[in-house]
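Notes follow the structure.
By convention here, the first residue in the shown sequence is residue 1.
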Amino acid sequence: MFGKPVYTYSYREAVADDWLIDHEPPIRYETLLSQQGIHFDSGTTISAINTATGEIETSELDDELDFEVDAFNRSVISESFNRVICEQLAHELDPFGDEKTMIFCATDLHADMVKRLLDAAFVDVHNGDYNQTAVAKITGTSDKVDQLISRYKNERYPNIAITVDLLTTGIDVPKIAHLVFLRRVRSRILYEQMIGRATRRCDEIGKTCFRIYDPVGIYAALEAVSTMKPLVRNPNITLEQLCDELTDPDKLEASLNSPGEDADTSHADTVLSQLGQKVMQVMRKASKRAETNPALQKKLDELQYSWGVEPGQVHHHLHTLGPKQAAEFLTQHTGFLNQLAQVKALIGSERMPVISDHEDEFRVREQNYGEYARPEDYLDSFAQFIREQINESAAIKAVVNRPRDLTRSQLKEIRLMLDNKGYTEATLRSAWRHQTNQDIAASIIGHIRRAALGEAMIPFEQRVQAGLQKILSQQSWTPLQQKWLERLGKQLTHEVIIDRETINQLPAFSGGARQFDKILNNQLDSVISTINESLWEAS
């Protein structure tokens with residue numbers, strides 16, 4: 001079956017309850033270089049970037065050197081690879097649209113390259129009719145970064161953000177509908193946090209799922225990783241993991257009650273110690289580099305004012321506070337991780353990424369359906385599963401025989417059961433689109449009834465509007481009543497279960513179902529019944 005996305009069970013429940021949304025199968029781009037790797041012969045003179053100074057240094061290789069796609073944009077920089085990817089993205093992303101995109105790069109220099117290449121690709125696609133403010137680099141070194149973040153969140157432009165670590169956590173932009181990974185990360189938790197930028201519902205733009213573009217194979221690399229286990233001393237543990245362990249109330253409580261490295265400490269003490277060590281490493285390097293880096297010194301001065309403690313001593317401060325108060329400090333200073341990311345960006349890196357001049361070319365765009373090579377095979381497997389479940393599952397049986405009576409608990413049961421088997425609404429919609437060239441938001445009920453009964457795939461919005469028109473034609477409504485009914489039709493586009501509880505949760509209805517019922521002269525229950533009857537009438 002199609003592998004389950006790498007989320008915790010609570011995320012799957014949130015999707016099943018319609019609080020969060022799911023993604024389609026990741027879109028894989030493969031190029032000549034990503035398939036074959038990048039090879040340098042021994043004796044070759046290579047160029048490498050000193051990321052601390054930005055200067056290019058050359059040397060002669062004593063041995064052969066090979067890079068696979070997991071090292072792209074970190075250990076080896078190929079402008080040709082990035083150009084090919086940006087050219088493909090320019091044909092899929094809309095720089096003028098309402099949907100927003102977030103692109104994750106490896107370094108600040110890489111982000112600069114992607115910004116330049118993506119601008120050029122958009123100019124070519126749109127024949128020069130392109131506003132470069134649509135794409136913005138938002139990293140720790142960006143000028144007026146807070147203003148950039150605010151514009152990305154609240155204004156039309158930029159609608160494509162290119163970042164490194166700054167926007168991986170702590171930013172809430174419901175319009176994000178596209179994520180592009182141009183670098184690998186080893187941390188499952190960091191990856192999930194990056195994915196989490198796009199999981200918010202946004203009915204305003206009709207967002208029912210989001211897309212992942214994955215030229216570096218990060219999804220497949222992390223898909224099989226087990227869920228987070230208690231942390232142990234490990235140099236690969238990230239700051240994000242450690243902060244999450246302390247600031248999540250449930251994890252903190254469990255850590256306080258779990259043994260640490262010795263009998264006198266708790267697991268939370270061990271986590272705090274590791275966090276302090278990592279913070280100390282960043283700040284010691286920052287203090288040294290700040291002697292010759294005015295921008296870095298300015299940032300450290302800002303942090304001392306913000307934190308109320310000298311940055312070079314913040315690890316001591318956290319240790320003195322202890323786990324509980326340290327957690328309060330991190331919660332109070334919500335931008336702590338982003339501030340550290342800004343410091344690290346200003347420090348630069350001692351790594352020396354190799355520059356590749358190997359020419360690249362685009363090979364294939366694909367969406368993977370697990371063990372099924374074709375979307376039609378995936379849909380056939382789904383149909384077979386549904387037919388087998390009609391007599392096994394009361395909830396599936398209700399969808400097939402009496403969908404108007406389906407309850408919220410039954411809908412959640414169905415979604416979780418199907419997800420466990422690899423059948424999500426987002427993946428089904430993607431498979432249907434690839435098989436038929438029709439993009440239909442039919443709801444999970446529509447997919448089940450097609451599989452079981454051969455029923456036509458009709459957009460759920462169209463079903464709701466048909467039900468609304470039936471109601472409007474039944475009697476003469478007052479202008480106010482008609483206005484509220486039309487508002488109901490617009491709001492129900494993404495709601496499969498239509499009842500009073502649904503109306504109470506819709507912000508468009510001040511006073512909820514009780515006020516709506518009063519305006520309709522106590523006819524709300526009849527209206528709801530008519531809509532539910534009309535939704536799944538034979539068409």
Exercise. To the nearest 0.5 Å, what is the distance between CZ (Phe72) and CG (Leu182)?
Worked result: 12.0 Å
Problem set entry | Side-chain H-bond candidate by donor/acceptor type, Arg408 with Thr502, under 3.5 Å | yes
For this session: Could you grab the distance from atom CG of Leu418 to atom OG1 of Thr424, nearest 0.5 Å is fine?
Result: 9.0 Å
For residues 79-90, tabulate all N or O donor-acceptor pairs below 3.5 Å that involve a side-chain atom, not counting sequence neighbours.
from  : atom 1 : to     : atom 2 : distance (Å)
Glu79 : OE1    : Arg116 : NH2    : 3.2
Glu79 : OE2    : Arg83  : NH2    : 3.0
Glu79 : OE2    : Arg116 : NH1    : 3.1
Ser80 : OG     : Asp360 : N      : 2.8
Asn82 : OD1    : His110 : NE2    : 2.9
Asn82 : ND2    : Asn73  : OD1    : 2.8
Asn82 : ND2    : Ser78  : O      : 2.9

For this session: Would you mind listing every salt bridge (charged side-chain N to carboxylate O under 4.0 Å, His left out) that reaches into residues 132-147, with sequence neighbours excluded?
Result: Asp108-Lys137, Asp112-Lys137
Exercise. Residues in ring-ring contact (aromatic ring centres under 6.0 Å, His included) with His358, at least two apart?
Worked result: Phe40
Problem set entry | Exercise: do Gln297 and Asn293 side chains pair donor with acceptor under 3.5 Å | no
Problem set entry | Exercise: identify the closest heavy-atom pair between Val164 and Phe104 | O-CD2, 4.2 Å
For this session: For residues Arg183 and Met194, report the shortest heavy-atom separation together with the two atoms involved.
Result: NH2-CE, 3.8 Å
Problem set entry | Exercise: identify the closest heavy-atom pair between Leu272 and Leu318 | CD2-O, 3.5 Å
Problem set entry | For the student: nearest non-hydrogen atoms of Lys175 and Cys202, plus distance | CG-SG, 3.7 Å
Problem set entry | Step-by-step side chain to side chain contact (heavy atoms under 4.5 Å, CB included) determination, Glu92 to Arg365 | CA-CA 11 Å; Glu92 301 209 36; Arg365 177 198 190 275; 2.7 Å; yes
For this session: Please lay out, stage by stage, how Leu340 and Met283 fare under the test side chain to side chain contact (heavy atoms under 4.5 Å, CB included).
Result: CA-CA 9 Å; Leu340 286 181; Met283 290 308 172; 3.4 Å; yes
For this session: Report yes or no: does Thr320 contribute a side-chain atom to a donor-acceptor pair with the main-chain N or O of His316 at less than 3.5 Å?
Result: yes
Exercise. Would you call the rings of Tyr191 and Tyr219 parallel, tilted or perpendicular, where under 30° means parallel and over 60° means perpendicular?
Worked result: perpendicular
Problem set entry | Asp357, CG atom: more than 12 neighbouring heavy atoms under 6.0 Å | no
For this session: Apply side chain to side chain contact (heavy atoms under 4.5 Å, CB included) to the pair Phe336 and Thr247, showing each step before the final yes or no.
Result: CA-CA 12 Å; Phe336 186 78; Thr247 56; over 6 Å; no
For this session: Return the set of residues passing side-chain hydrogen bond (donor to acceptor under 3.5 Å, both in side chains) with Asp41 (not counting sequence neighbours), or none when no residue passes.
Result: His39
For this session: For the pair Lys207 (side chain) and Ala177 (backbone), establish whether a donor and an acceptor sit closer than 3.5 Å, ignoring hydrogens and angles.
Result: no
For this session: Kindly indicate, with the supporting measurements, whether the criterion side chain to side chain contact (heavy atoms under 4.5 Å, CB included) is fulfilled by Ser59 and Ile46.
Result: CA-CA 6 Å; Ser59 62; Ile46 62 168; 3.9 Å; yes
Problem set entry | Polar side chain donor-acceptor pair, Thr133 to Arg151, under 3.5 angstrom | no
Which pairs would a plain distance check flag for residues 321-333, meaning a side-chain donor or acceptor within less than 3.5 Å of a matching protein atom at least two apart in sequence or in another chain?
from   : atom 1 : to     : atom 2 : distance (Å)
Thr331 : OG1    : Ala327 : O      : 2.8
His333 : ND1    : Phe329 : O      : 3.0
His333 : NE2    : Ser306 : O      : 3.3

For this session: Check the angle between the aromatic planes of Tyr213 and Tyr29 and answer parallel, tilted or perpendicular using the 30° and 60° thresholds.
Result: tilted
For this session: Quick one: list whatever passes salt bridge (charged side-chain N to carboxylate O under 4.0 Å, His left out) with Asp248, sequence neighbours left out.
Result: none
